[in-house]
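The figures that follow rest on heavy atoms only: side chains count, while hydrogens, waters and symmetry mates do not.
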Amino acid sequence: MSFPGPDTRVVELRVPGLIGTSPEALLDAVSTVDVAGDGFGRVIRPSDRLRRPAPGPMLRALGRAVPRTLEGYLWSRMTSGGASKATWALLFPFSLANVAYWMLPPVPQDKRGARVLGALCRGLLRVAAVLLTMLLVSQVAVISLDLLATQCLGTGCVKWAPSWLQQSAQLRAAVGIAPLLAMIYVLHRISSTNWTVHAEDAGGDGAFPGTVLRADPDTPGLLCLHTVVALACVALLPLGGPFHVPGDVLGIVLWLPSIALIVASLIASAMGRGAGRPGRWARRTLYAFGTVLVLVAGLRSPALRGTGLAGTDGMVEGIGAALVVVSVLFAVLLWPAARYAKPAWRELPLRLRPWAGGWAAAPVLILAGLLGGGFGAGMTLSVRKLLGAELRLPETYLLITVLWGAGLTAGVLLAAIGLAIAVPIRRRRRGIPEIVKLMEISPKQEKEAAAAWARSAWERRHLHHLALSVSLLMAAGAVALLIVRFGLHAAPSWFEPVAGIGVFALGALAAGLLRIVYTAAKSPQRSRHLGALADLVCFWPRAAHPTVPPCYALKVIPELAGRAKEHLAEPNTRVVLSGYNLGSLLTIMTAARLAAELPPEQFERVGVLTVGSPLQWGYQRAFPGVLPHASLCKLYTKLDGRWRALCRGTDIFGGGVTTWRHQVVDGALLGDGYLKTGGVGPLSSVAEPESGVLIIGGDHWLPDPMRNPTGRHRWSPGVLKHADYLADAEWDNAVAMAAGLR
């Protein structure tokens, strides 16, 4: 690496994490100003009183003050705020199915069995995604076509409705179908949006982390399949559903193509890449044909003349049963697929191996189905309550309420056992951890830190166990309930009280969802919960389900890389990519892209700082195919010690990134971690007596609470956990090390 000269300057490019961070908080400045970007991806700098870009604080290194240019890249406008983004909360089950696609284990290309299983798993995921679309449309149709248009308007439970509307089946069908067509159009528009990238996207070496993230070229074809299958579902409902053939010729003529469209869409989705990519005019023809089917089927509407829409029972039950079968088959095939990939992590410690041995995508898909059914049932029950009439619902809704009642009870019990029993027992058994004694300077601080360490360590290690356990328990409960209800044709006496809990749970779920949507539409700056969910699920490109928001990572990563290249064009400039929280993943993937694209003499002036990062305990284990251990090790070696990580043991969301297996021996922190020379091996810590920071490998373990203020740097009292890393003076020290100045 070239020796820094007197004209060396450092550009620190900061990237925020979850939930839209303000520009001032990101740069720790009084005011900021935009210097580049397009409004969605904003590059900002501190500003003076005249709103001009100002230089950042000097960086102490090499025994002198090194100029530092401070910049930030804000991407929160891509996931938070506005009425259009408020609808994204309704698509959370779709997003979970899409996330499950990226959680699949890597496929060893030298093993044919692994390639076949990988293709089957991806095909089943896309089939499950189509079924989730059908489930959403059918459940909304239960509200619009069945409860409102058929039962309520047909029997006169709505007193304000005019008599001519109640007496005309065709007009009632139009009232019921119009919201469904509008919803399908909105979903199609959401799926068609993408972010404009103002940088060259040259890709990168697949051996580095995150370089497999790509926009799927099959997305337009998948979007067509989902839109057509949604229209076919709406057309089938007035015709009596999928299991009832109409008795007249026109009904049969409409029923057969509707069934054919659904079957063809499922088959094309299962075939995967390249199978469902119709041309632009072919897609428009299919949309027009599906819309005509819906309108003609609704206008003839013999089923809307009764007291209930007969097709809803068969439609909801059929989709639910198909989703159960596909999920079970996916879980069965995923197990041997994960076994094929096991050699990639067999030598790793348990805390670095993928969740559930690479099988975690199966519970996530199950959770997507449970949430999809729960959202629809919760909204239906809420609408029936608002209408104030005893309207008939599909029989499977009773099973859904029982299932969610049992799931809520089990989840509360498991969480209570973990947080109220397991954490205190662990705390008393371990006492004050030795690492806390190395960093803190008073018994009071040691006690506060030890309690926070115990809770955060338990949650990082076991929260995914809790979520997976609840998902699997509810899945087993769903199978058992189906057997009891349709196999034994019985409804046990305990159904009623458990169903009551389920009605409460689903009502709360629907009310909370609608409140989030309303808040996001009315006050975008207050939609923090929606923003957090969007930040997590919108990180991933569309692969299994096209009807999800566009992936912001595909815009942020190339634009960050492009901005870094602009600064690196000056030979005396060094660039440090500082990522906080989820932003650390963006910076790691940006560094990986730069490592593959830049010549060595330029890349040696690139450094990375990850802060409060969930990379090791969370994303590396949840997405082994995107962030494999070997690729992270290779990037660390390529950076040659310029990958630094700030972490706190009290931080529930963040943790160690480059080291693991920590233990204190003879007053020193030891552990294993990535080596600058390549591979992994044992490491020993270096302590900074004044601040209490322990540096081991690339990790900087910070004391929390911070030690007493020195007057030379901003200070924050109390246990900070995941907040205010900028208050610690070690941030500047880590930036200097990442820049290669120490």
Is the shortest heavy-atom distance from the side chain of [X] to the side chain of [Y] under 4.5 Å?
| X | Y | answer |
| --- | --- | --- |
| L586 | F539 | yes |
| W345 | L350 | no |
| H722 | I652 | no |
| L720 | T650 | no |
| V611 | N581 | no |
| L13 | V576 | no |
| P717 | P705 | no |
| P67 | M58 | yes |

Partners passing side-chain hydrogen bond (donor to acceptor under 3.5 Å, both in side chains) against [X] (at least two apart in sequence or in another chain):
| X | answer |
| --- | --- |
| N572 | none |
| T637 | none |
| R9 | T69, E570, T573 |
| E559 | Y73, K555 |

Test of understanding: with salt bridge (charged side-chain N to carboxylate O under 4.0 Å, His left out), list the residues that count as partners of [X], not counting sequence neighbours.
| X | value |
| --- | --- |
| R45 | E71 |
| E24 | none |
| E690 | R712 |

Output the distance between atom [atom1] ([X]) and atom [atom2] ([Y]), rounded to the nearest 0.5 Å.
| X | Y | atom1 | atom2 | result |
| --- | --- | --- | --- | --- |
| L594 | M589 | CG | CE | 14.0 Å |
| I588 | L632 | CD1 | CG | 7.0 Å |
| M103 | L96 | CE | CG | 9.5 Å |
| E730 | L726 | CD | CG | 13.0 Å |
| R707 | S691 | CZ | OG | 7.0 Å |
| C647 | L615 | SG | CG | 11.5 Å |

| Steps toward side-chain contact (heavy atoms from CB on, under 4.5 Å) verdict (L609, R14) | CA-CA 9 Å; L609 172 62; R14 292 179 183 172; over 6 Å; no

| message | Under the rule for ring-ring contact (aromatic ring centres under 6.0 Å, His included), what residues qualify as partners of F603, not counting sequence neighbours? | response | none

| message | Which residues pass the ring-ring contact (aromatic ring centres under 6.0 Å, His included) test with Y340, not counting sequence neighbours? | response | none

| query | Less than 6.0 Å separating the ring centroids of W102 and F623? | reply | no

Heavy atoms only: give me the nearest [X]-[Y] pair and the separation to one decimal.
| X | Y | result |
| --- | --- | --- |
| N98 | P541 | ND2-O, 2.8 Å |
| A738 | V608 | CB-O, 3.7 Å |
| Q602 | L568 | NE2-O, 3.7 Å |
| L577 | A591 | CD1-N, 4.1 Å |
| A361 | L104 | CB-CD2, 4.0 Å |
| G612 | D651 | CA-OD2, 3.6 Å |

| request: Dump the intermediate steps for side-chain contact (heavy atoms from CB on, under 4.5 Å) on V11 and R563, then the final yes or no. | output: CA-CA 11 Å; V11 175; R563 188 66 179 176; over 6 Å; no

Okay, side chain of [X], backbone of [Y]: is any donor-acceptor separation there less than 3.5 Å?
| X | Y | result |
| --- | --- | --- |
| T590 | A561 | no |
| Q445 | M706 | yes |
| D699 | T658 | yes |
| R574 | A739 | yes |
| D704 | R648 | no |
| W701 | G692 | no |
| Q109 | V107 | yes |
| R593 | I557 | no |
| W540 | C551 | no |
| W359 | P105 | no |

| field | For A97, side-chain contact (heavy atoms from CB on, under 4.5 Å) partners two or more places apart | value | L132, L365

| request: Compute whether any side-chain donor of one residue and acceptor of the other, for S584 and T610, lie under 3.5 angstrom apart. | output: no

| request: Could you walk me through whether V10 and L741 pass the side-chain contact (heavy atoms from CB on, under 4.5 Å) test, one step at a time? | output: CA-CA 10 Å; V10 175; L741 302 181; 3.7 Å; yes

| Sole residue of R644, R68, R60 in salt bridge (charged side-chain N to carboxylate O under 4.0 Å, His left out) with D732 | R68

| Which side chain to side chain donor-acceptor pair (under 3.5 Å) pairs, counting each pair once, include a residue from residues 615-624, with sequence neighbours left out? | Q620-H629

| field | R714/D728 ion pair, N-O < 4.0 Å | value | no

A cation-pi test, strictly: NZ or CZ of [X] under 6.0 Å from the centre of the six-membered ring of [Y] and no more than 45 degrees from its axis. Yes or no?
| X | Y | result |
| --- | --- | --- |
| R122 | Y101 | yes |
| K638 | F208 | no |
| R642 | Y636 | no |

Could you tabulate the donor-acceptor pairs under 3.5 Å formed by side-chain atoms of residues 661-685, not counting sequence neighbours?
residue	atom	partner	partner atom	Å
H662	NE2	T659	OG1	2.8
S685	OG	L669	N	3.0
S685	OG	L669	O	3.3

| said: I'd like to know whether E446 forms a side-chain contact (heavy atoms from CB on, under 4.5 Å) with M439, so could you lay out the CA-CA distance, the side-chain angles of the two residues, the decisive distance to 0.1 Å, and finally the verdict. | reply: CA-CA 9 Å; E446 289 180 356; M439 292 191 289; over 6 Å; no

